[in-house]
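I have placed the structure first, in the form of structure tokens, so that the comments after it can refer back to it.
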Amino acid sequence: MPHDASTHAHAHDSSPADTLARAERMCAERGERLTPIRAQILELLAKSPQPLGAYDLIEHISVDGAKRPAPITVYRALDFLLGQGLAHRIESKNAFVACDHAHGHSDVVVFLLCEKCGAAAEASGVEIGDRLAEVARNAGFAARGQFVEIAGECAACRAVTV
Ligand SMILES: [Zn+2]
Ligand SMILES: [Zn+2]
């Protein structure tokens with residue numbers, strides 16, 4: 001996927017319905033299945049401006065009509081979404097966000113975490129991605145992914161305070 005040169009930030013580019021449709025397509029292409037629970041979790045993540053923890057998800061999901069699935073079921077579905085690049089885990093919050101970006105291997109994923117409203121947005125800047133990849137390579141390190149967290153105040157919250 002081509003990137004524009006400028007760094008941009010956004011909570012969600014597309015509607016939850018778009019995110020799901022794209023995920024369905026991607027899974028079909030890869031011979032994977034977006035099972036109902038995987039789809040439910042992805043939709044919840046796509047709808048929420050804040051990252052959601054596994055227990056937030058358990059509260060809001062039903063499997064075969066039964067509420068509150070076993071945590072292991074939710075963790076397995078999350079693992080699948082992370083593995084397919086459809087979601088990210090934000091380490092410092094132990095919580096998850098949906099991702100629409102189909103990142104390349106040397107992409108760096110930058111999370112902008114608002115300490116006021118708790119919103120998590122994703123900024124992508126391919127240039128620092130290449131530099132970070134080089135740092136890892138020079139150390140003989142095989143990077144699996146590159147994640148950076150930036151804490152502060154989001155544009156919406158700043159607009160309220162100034
Ligand atoms: Zn992403
Ligand atoms: Zn905020």
Side-chain angles (χ1 to χ4, degrees), residues 1-30 32-35 37-54 56-57 74-137 141-162:
M1 178 180 270
H3 283 269
D4 45 43
S6 62
T7 297
H8 51 276
H10 32 219
H12 298 296
D13 279 339
S14 40
S15 71
D18 290 343
T19 300
L20 275 178
R22 186 182 150 269
E24 291 272 11
R25 249 189 343 263
M26 228 178 71
C27 287
E29 277 166 20
R30 294 173 181 175
E32 301 283 355
R33 234 160 65 73
L34 195 67
T35 57
I37 187 171
R38 292 168 177 172
Q40 278 185 66
I41 289 178
L42 186 61
E43 188 178 9
L44 283 169
L45 294 177
K47 279 183 176 161
S48 172
Q50 282 89 22
L52 298 176
D56 300 324
L57 293 166
V74 170
Y75 279 114
R76 282 207 194 108
L78 279 167
D79 275 347
F80 172 83
L81 296 174
L82 294 176
Q84 298 296 320
L86 294 167
H88 298 302
R89 181 167 181 272
I90 298 181
E91 300 288 335
S92 69
K93 299 198 171 292
N94 195 14
F96 302 87
V97 291
C99 174
D100 271 332
H101 294 96
H103 302 283
H105 272 305
S106 69
D107 271 12
V108 64
V109 178
V110 180
F111 298 116
L112 304 173
L113 305 174
C114 180
E115 292 171 321
K116 275 234 166 100
C117 68
E122 215 183 299
S124 44
V126 70
E127 287 167 34
I128 67 165
D130 291 341
R131 291 293 304 279
L132 279 180
E134 197 181 307
V135 169
R137 227 179 6 254
F141 188 85
R144 179 179 53 80
Q146 311 188 102
F147 303 96
V148 173
E149 297 185 10
I150 300 179
E153 210 176 324
C154 76
C157 288
R158 292 184 59 214
V160 173
T161 39
V162 281

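As the structure lists them, so they are numbered: ligands from 1, and atoms in each ligand from 1. As a basis for the values below, the full set of heavy atoms in this structure was taken, side chains included, without hydrogen atoms, waters or symmetry mates. For the single chain, residues carry numbers from 1 onward in sequence order.
Seen from the Zn ion (ligand 1), atom NE2 of His103 and atom NE2 of His88 lie 100° apart in angle, a value rounded to 10°. Seen from the Zn ion (ligand 2), atom SG on Cys154 and atom SG on Cys117 lie at an angle near 110° (rounded to 10 degrees).
With Phe147 as reference, Val109 is the one residue of Leu132, Val109, Val110 to meet the side-chain contact (heavy atoms from CB on, under 4.5 Å) rule.
Between the Zn ion (ligand 1) and Asp107 there is no N/O/S contact shorter than 2.8 Å.
As for Glu122, its N/O/S atom nearest the Zn ion (ligand 1) is the one called OE2.
Checked against a 6.0 Å centroid threshold, the rings of His88 and His103 count as neighbours.
For Leu45 against Phe96, the heavy-atom pair with the smallest separation is CD2-O, 3.3 Å.
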Checklist entry - Are Glu91 and Arg89 close enough, and set up right, to give a salt bridge (Lys or Arg N to Asp or Glu O under 4.0 Å), and what steps lead you there? => result CA-CA 6 Å; Glu91 300 288 335; Arg89 181 167 181 272; 2.4 Å; yes
